Amino acid sequence: QVQLVESGGGLVQAGGSLRLSCAASGRTFSSYAMGWFRQTPGKEREIVAAISYSGGRTYYADSVKGRFTISRDNTKNTVFLQMNSLKPEDTAVYYCAARVGYNNNPYARVEDYEHWGQGTQVTVSS
């Protein structure tokens, strides 16, 4: 079992930056593929970015390519989401997710993940 705790959300003006962190418990973090998702009221949860257990492969939603960067530090059991050039449409609750990685690929679907954090609010003002 792994527990995930997100941090780093907040209020930022359009064009600004935020860095989200997700700290994972347990001693097998390096075997977990990780993902960042987001959700707004009335909409389904959607993938933002994902990273393989080694960190060698990543996936990005088209809407964030070139602006967001996912990374991980397996020595600190933490995955990050650097968000630059933020837009009002990036406003959402952002969730960290984990699943055991059976191959060195990122996973992009909600149903692929077994463990979820509680979420952190990101609000981008225009």
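These numbers come from a predicted model, not from an experiment. Values below: every heavy atom of this structure, side chains too, minus hydrogens, waters and symmetry copies.
- Inter-residue side-chain proximity for Met34 and Tyr107 is flagged as unmet; no heavy-atom pair is nearer than 4.5 Å.
- Checked against the 6.0 Å centroid threshold, Phe68 and Trp36 do not count as a close aromatic pair.
- The salt bridge (charged side-chain N to carboxylate O under 4.0 Å, His left out) contacts involving residues 66-85 comprise Arg67-Asp90, where partners must be two or more places apart or lie in separate chains.
- Judged by distance alone, with hydrogens and angles left aside, the side-chain atoms of Ser52 form a donor-acceptor pair with the main-chain N or O of Arg57 at under 3.5 Å.
- Cation-pi check for Arg38 over Tyr95 is not met; the charged atom does not lie both under 6.0 angstrom from the ring centroid and within 45 degrees of its normal.
- Nearest heavy atoms, Ala49 versus Leu81: CB-CD1, 4.1 Å.
- The shortest heavy-atom contact between Val122 and Gly9 is CG2-CA, 4.1 Å.
- Separation of atoms CG (Leu20) and OG1 (Thr78) is listed at 12.5 Å; rounding is to 0.5 Å.
- Side-chain contact check for Val79 versus Cys96: some heavy-atom pair is nearer than 4.5 Å.
- Looking at every heavy atom in both residues, Cys22 comes nearest to Leu4 through SG-CB, 3.9 Å.
- The line from CG of Asp62 to CD1 of Ile47 is 12.0 Å long, rounded to the nearest 0.5 Å.
- Using a distance-only test at 3.5 Å, with no hydrogens or angles considered, no donor-acceptor pair links the side chain of Thr123 to the main chain of Thr91.
- Side chains of Thr69 and Tyr60 form a contact here, defined as non-hydrogen atoms less than 4.5 Å apart.
- Taking the six-membered ring for Trp and the full ring otherwise, Phe37 and Tyr113 have centroids separated by under 6.0 Å.
- Linking Ile, Leu, Val, Met, Phe, Trp and Tyr whenever their side-chain heavy atoms come within less than 4.5 Å leaves Trp116 and Val5 in two separate clusters.
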Can you list the steps and then say if Tyr94 with Gln121 is a side-chain contact (heavy atoms from CB on, under 4.5 Å)? CA-CA 6 Å; Tyr94 283 70; Gln121 177 70 46; over 6 Å; no
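- Nearest heavy-atom pair across Tyr53 and Ser30 is CB-O, 3.2 Å.
- Evaluation of the side chain to side chain donor-acceptor pair (under 3.5 Å) test over residues 3-17, restricted to residues two or more places apart or in two chains, returns Glu6-Gln118, Ser17-Asn84.
- Looking at heavy atoms from C-beta onward, Ile70 lies out of side-chain contact with Phe80 at the 4.5 angstrom threshold.
- Among all heavy-atom pairs drawn from Gly8 and Leu18, the shortest one is O-CD2, 3.8 Å.
- Closest of all the heavy-atom pairs between Ser125 and Leu11 is CB-CD1, 4.3 Å.
- Atoms CD and CZ, from Glu111 and Arg99 in turn, are 10.5 Å apart once rounded to the nearest 0.5 Å.
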